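In this text the structure is predicted, and so the values were computed from the model without any measurement. Computed from heavy atoms alone, side chains included, the values below leave out hydrogens, waters and symmetry copies. Letters A, B, ... mirror the listed sequences (proteins, then strands); counts begin at 1.
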Amino acid sequence: MENIEIAAVLTEMATLLEIQGETNPFRIRAYRNAVYTIQESPDPVRKMVEEGADLTELPAIGKDMASHITELVTTGRLSILEEVSKEIPRSLVQLTKLPGVGPKKVRKLWDELDITTLDDLAAAASAGKIAVLAGFGKKSEEKILEAIERHKKRSGRFRISSADELVQPLIEYMLQDERVERLEVAGSYRRRQETVGDIDLLAIASDAEPVMERFTSYPPVRSVEKSGDTRGTVILSSDLQVDLRILPAESYGSALVYFTGSKEHNVELRKRALQRGLSVSEYGVFELAEEGEGEESTTGRDLGKRVAGATEEEVYASVGLPWITPELRTNRGELEAAANGELPALIEFEDLKGDLQMHSTWSDGKNTIEEMLAACAARGYEYVALTDHSKALAMTGGLDAAKLREQWKEIDEVAARHPEIRFLRSQEVDILADGALDTEDEMLEQLDLVVIAVHSRFDLPAAKQTERLLKAIQHPLANIVAHPTGRIINRRDPMDFALDEVLACAAEHGVAMELNAHPHRLDLRDIDLMAARKRGVKIVISTDAHSIADLDLMPYGVEQARRAWLEPADVLNTLPADDLLSALAKA
DNA sequence: GCCGTTTTCGGCCCGACTGTTTTCAGTCG
């Protein structure tokens, strides 16, 4: 049982408790907090259980939660969940995923109409049985039907690169209105997460109403979900949801902090503020007033003087912290690090001196060797590695020994014409199903860099897959493992294998792990990168470009590295070529 | 159900929008 599965079961448990009518909301929250801890854990919690580690050392895991997790890992079951589900059908959890439908409404639907599944709900709504329920109405019934329709075809979250494509034109459109004084995208987009669920736009506007109207009449808008004085929500024809919040200038910084999140980061920030007698909201940072003294907030606290709000810097400063870059705002210890003056000096795109994975027309790339090389030189790189596929990938025109020799001739000719950049001989060598490499040692010995990767048999049982990777990494000529987990975002899950063992082996044998910058891959993931770093495994960031245009995907990799707290010293292609090669040289 | 510079009890982050309500509950982020 892996972290993602444990988290799913505990999430289900929390929702079932809500439907059951658990009167203590903090008990529910405790489950959700535990879920967050598990999702964020770089190491498999399963392994901690197996090794007899004390789970209560983890944040938000107490005695009870530790025993739940241990039971789950060791038996695959959770008796407390089985108890609750005797009373509450587990299928009800699915219904709460519909927007506008929460635990209370699900309970009502079940009690009154015996609805337990999405199909039941759709049938009841179509028959007009929902509108007559107390607490529901005609509008609710319509919304439920629409939500079910959308739920059925919804494919998941948007890749960050897709979000970039959809958001940039919207920003341009909004900025054409002079009443928009400032506009920024906040949310997971600003944190540069690998995927985004929706887009949070934040604006300062002299006159909110017409700006909101401009927003809701953006041509690609398919439907307007909400439209208030300060908040609006639309769905674009692409199915992307966009929220716009309009705020006064004095609140812009606090709003930017608030809407950039993450939620968990905000919660920690507000707790920190409360300890200092301050209350943080999207409108600003306020002193807490004596009861009856100040203005009462919606949470019942009396607020006094505003102490910050216009800029993010002053909001953080008000709670004694330096500004924290958005990529770190996920409550992985950044607030503590900031408080201690120990924020990492994160890697930046300018630190990279070369790109170590790309393809040419010799295999499945779209541009010639010379075009790729010239494009890399134009991007200011000091070196570049060309990594066309090996022969096992016949569909890509993978190179056997004879073709590889031919390619080297062309490489030498092209390199001679481009003294401004150093050309590293390389290949993306297939790791065969048994862990052997697809290219002969005699050829590998003549490469500057041996990049190895899995492109087939992603479905091997975990033990076999692990064995395969360990064997490949132990090959005396292997240097870099490309896209190590093989995942493709929204399309293919990571391979099932023991990443911790693989990382340990890579550390031992001086093999680096790739952070594949392609926004469809972004592999290793951020938490895996953190685990790699912890084990002393070096990282390289490469685009895996299959065209000149793909070379510009590098920033996605850098953003992911930043989310993983990586500094230049953790990433080998920040080094000059000779240092890079000696760092990867085998003992 | 978790947690502790308010420490083993009594707290636990903040606010807007919708639909249905006649003053607010439920949901969401």
Side-chain angles (χ1 to χ4, degrees), chain A residues 10 13-15 17-19 22-37 55-69 80 95-109 130-144 147 186-188 196-200 202 212 224-233 241-247 251 254-255 257-286 288 296-301 303 319 331:
Chain A
L10 293 181
M13 181 66 203
T15 306
L17 286 173
E18 281 182 303
I19 297 171
E22 169 62 51
T23 50
N24 180 4
F26 300 107
R27 186 174 172 221
I28 314 276
R29 189 184 291 179
Y31 277 93
R32 301 203 186 279
N33 289 342
V35 165
Y36 182 73
T37 294
L55 296 180
T56 64
E57 296 287 310
L58 296 171
I61 310 287
K63 197 161 149 284
D64 289 358
M65 209 61 78
S67 97
H68 294 337
I69 293 168
I80 188 174
L95 303 186
T96 64
K97 294 191 175 143
L98 297 173
V101 181
K104 299 277 171 57
K105 289 194 169 168
V106 165
R107 180 70 196 231
K108 181 111 193 162
L109 291 166
I130 306 293
V132 299
L133 288 180
F136 290 81
K138 194 104 197 93
K139 240 349 192 311
S140 313
E141 190 168 87
E142 286 168 18
K143 288 221 156 196
I144 282 171
S188 48
V196 302
D198 57 20
I199 294 293
D200 296 295
L202 194 59
M212 189 58 79
V224 178
E225 300 293 298
K226 288 177 193 169
S227 177
D229 290 343
T230 66
R231 288 192 181 192
T233 299
Q241 176 176 322
V242 185
D243 297 343
L244 171 67
R245 277 89 168 188
I246 301 174
L247 288 120
S251 298
S254 45
V257 169
Y258 180 81
F259 292 117
T260 299
S262 70
K263 188 166 175 272
E264 291 77 13
H265 175 89
N266 289 346
V267 168
E268 282 305 307
L269 192 68
R270 290 195 205 105
K271 283 186 192 164
R272 195 179 162 82
L274 283 177
Q275 285 167 7
R276 291 162 180 256
L278 298 170
S279 173
V280 177
S281 76
E282 62 256 56
Y283 296 107
V285 182
F286 300 88
L288 294 178
E296 190 177 346
S297 76
T298 53
T299 48
R301 281 201 172 83
L303 301 182
V319 293
N331 194 29

(request) Working to the nearest 0.5 Å, report the span between OG of A:Ser140 and CD1 of A:Ile130. (result) 9.0 Å

(request) Report the residues that fulfil side-chain contact (heavy atoms from CB on, under 4.5 Å) with A:Ser67, sequence neighbours left out, ordered by chain and then residue number. (result) none

(request) Look at A:Glu282 together with A:Arg231 and state whether they make a salt bridge at an N to O cut-off of under 4.0 Å. (result) yes

(request) Considering non-hydrogen atoms only, spot the tightest contact between A:Ala60 and A:Ala34 and give its length. (result) O-CB, 4.0 Å

(request) Would you mind telling me which of B:dC14, B:dG1, B:dG19 lies closest to the side-chain atoms of A:Ser140? (result) B:dG19

(request) Select one nucleotide: of B:dA16, B:dC2, B:dC14, the one nearest the side-chain heavy atoms of A:Ser281. (result) B:dC14

(message) Suppose you measure atom C1' in B:dT8 against the same atom in B:dG1; what distance do you get, rounded to whole Å?
(response) 14 Å

(request) Mark yes or no for a side-chain to base donor-acceptor pair under 3.5 Å between A:Asp198 and B:dG29, with no hydrogen or angle criteria applied. (result) no

(request) Measure the distance from CG on A:Leu133 to P on B:dG26 and round it to the nearest whole Å. (result) 14 Å

(message) Quick check for you: among B:dG29, B:dC17, B:dG19, whose closest atom lies nearest to any side-chain atom of A:Lys139?
(response) B:dG19

(request) Provide, to the nearest angstrom, the distance between the CD atom belonging to A:Glu57 and the P atom belonging to B:dC3. (result) 10 Å

(request) State, with a plain yes or no, whether a side-chain heavy atom of A:Thr15 is found less than 4.5 Å away from one of A:Leu17. (result) no

(message) Please determine whether a side-chain nitrogen or oxygen atom of A:Tyr283 lies at a distance below 4.0 Å from atom OP1 or OP2 of B:dA16.
(response) yes

(request) Whole angstrom is fine here: how far is it from CZ in A:Arg29 over to P in B:dC3? (result) 14 Å

(request) Establish, with yes or no, whether the OP1 or OP2 oxygen of B:dG26 is under 4.0 angstrom from a side-chain nitrogen or oxygen of A:Lys104. (result) yes

(message) Can you check the distance between B:dT6 and B:dC12, where both ends of the measurement are the C1' atom (answer in whole Å)?
(response) 13 Å

(request) Output the single nucleotide from B:dC12, B:dC17, B:dT20 whose closest atom is nearest the side chain of A:Phe26. (result) B:dC12

(message) For A:Glu142, is there an ion pair with A:Lys139 - N to carboxylate O distance below 4.0 angstrom?
(response) no

(request) Verify the distance criterion only: is there a donor paired with an acceptor across the side chains of A:Asn266 and A:Glu264 at less than 3.5 Å? (result) no

(request) Report which part of the nucleic acid A:Gln275 touches: base, sugar-phosphate, or nothing (heavy-atom distance under 4.0 Å, all strands). (result) nothing

(message) Among B:dC17, B:dG29, B:dG1, which nucleotide has an atom closest to any side-chain atom of A:Tyr31?
(response) B:dG1

(message) Once you apply a heavy-atom cut-off of 4.0 Å, does A:Lys138 come out as touching a base, just sugar-phosphate, or nothing?
(response) sugar-phosphate

(request) Check salt bridge (charged side-chain N to carboxylate O under 4.0 Å, His left out) between A:Glu22 and all other residues, then give those that pass, not counting sequence neighbours. (result) A:Arg27

(message) In whole Å, measure the gap between the C1' atoms of B:dT18 and B:dT23 for me.
(response) 15 Å

(message) A cation-pi test, strictly: NZ or CZ of A:Lys108 under 6.0 Å from the centre of the six-membered ring of A:Phe136 and no more than 45 degrees from its axis. Yes or no?
(response) no

(message) Can you identify which nucleotide, out of B:dC12, B:dG15, B:dG1, has its nearest atom closest to the A:Met65 side chain?
(response) B:dG1

Within the sub-3.5 Å range, which N or O atoms of nucleotides 21-24 of chain B have a protein N or O partner, and how far apart are they?
none

(message) How many whole angstroms separate atom CG of A:Asn266 from atom P of B:dA16?
(response) 15 Å

(request) Send over the distance from A:Glu141 CD to B:dG19 C1', rounded to a whole Å. (result) 14 Å

(request) Would you indicate which nucleotide in B:dT27, B:dG29, B:dG1 comes nearest to any side-chain atom of A:Lys105? (result) B:dT27

(request) Answer with base, sugar-phosphate or nothing: what part of the nucleic acid does A:Lys271 contact at a heavy-atom distance below 4.0 Å? (result) sugar-phosphate

(request) Mark yes when over 12 heavy atoms from residues, nucleotides or ligands other than A:Asp229 sit less than 6.0 Å from its CG; otherwise mark no. (result) no

(request) Taking only the side-chain heavy atoms of A:Pro103 (C-beta and beyond), determine which of B:dT20, B:dT27, B:dG29 contains the nearest atom. (result) B:dT27

(message) For the P atoms, the ones on B:dT22 and on B:dA16, what distance do you get once it is rounded to whole angstrom?
(response) 24 Å

(request) Indicate yes or no: does A:Asp200 engage A:Arg245 in a salt bridge with an N to O separation below 4.0 Å. (result) yes

(message) Looking at B:dC14, I'd like to know if its phosphate oxygens (OP1 or OP2) sit under 4.0 Å from a side-chain N or O belonging to A:Ser279.
(response) yes

(request) Answer with base, sugar-phosphate or nothing: what part of the nucleic acid does A:Leu98 contact at a heavy-atom distance below 4.0 Å? (result) sugar-phosphate

(request) Write down the distance between NZ (A:Lys97) and C1' (B:dC28), rounded to a whole number of angstrom. (result) 16 Å

(request) Determine the interatomic distance between P on B:dT21 and the same-named atom on B:dC14; round to the nearest Å. (result) 31 Å

(message) In whole Å, I'd like the distance from the CD1 atom of A:Ile144 to the C1' atom of B:dT20.
(response) 14 Å

(request) Searching all strands shown, indicate the nucleotide that pairs with B:dT8 (Watson-Crick or G-U wobble; both distances under 3.5 Å). (result) none

(request) Between A:Leu58 and A:Glu282, name the one whose nearest nucleotide on DNA chain B is closer to the 5' end. (result) A:Leu58

(request) Answer yes or no: does a side-chain N or O of A:Thr230 lie under 4.0 Å from OP1 or OP2 of B:dA16? (result) no

(request) Round to a whole Å and report the spacing from CG of A:Asp200 to C1' of B:dA16. (result) 13 Å

(request) Would you indicate what A:Ile61 reaches in the nucleic acid, counting non-hydrogen atoms under 4.0 angstrom: base, sugar-phosphate, or nothing? (result) sugar-phosphate

(request) Determine the Euclidean distance between corresponding P atoms of B:dC17 and B:dG11; express it in Å to zero decimal places. (result) 31 Å

(request) Have a look at A:Ser227 and say if it touches a base, only the backbone sugar-phosphate, or nothing, with a 4.0 Å heavy-atom cut-off. (result) sugar-phosphate

(message) I want to verify a distance call: between B:dG29, B:dG15, B:dG1, whose nearest atom is closest to the A:Asp243 side chain?
(response) B:dG29

(request) Would you indicate which nucleotide in B:dG1, B:dC17, B:dG19 comes nearest to any side-chain atom of A:Arg231? (result) B:dC17

(request) Give A:Leu17 one of three labels, base, sugar-phosphate or nothing, depending on what nucleic acid heavy atoms sit under 4.0 Å from its own. (result) nothing

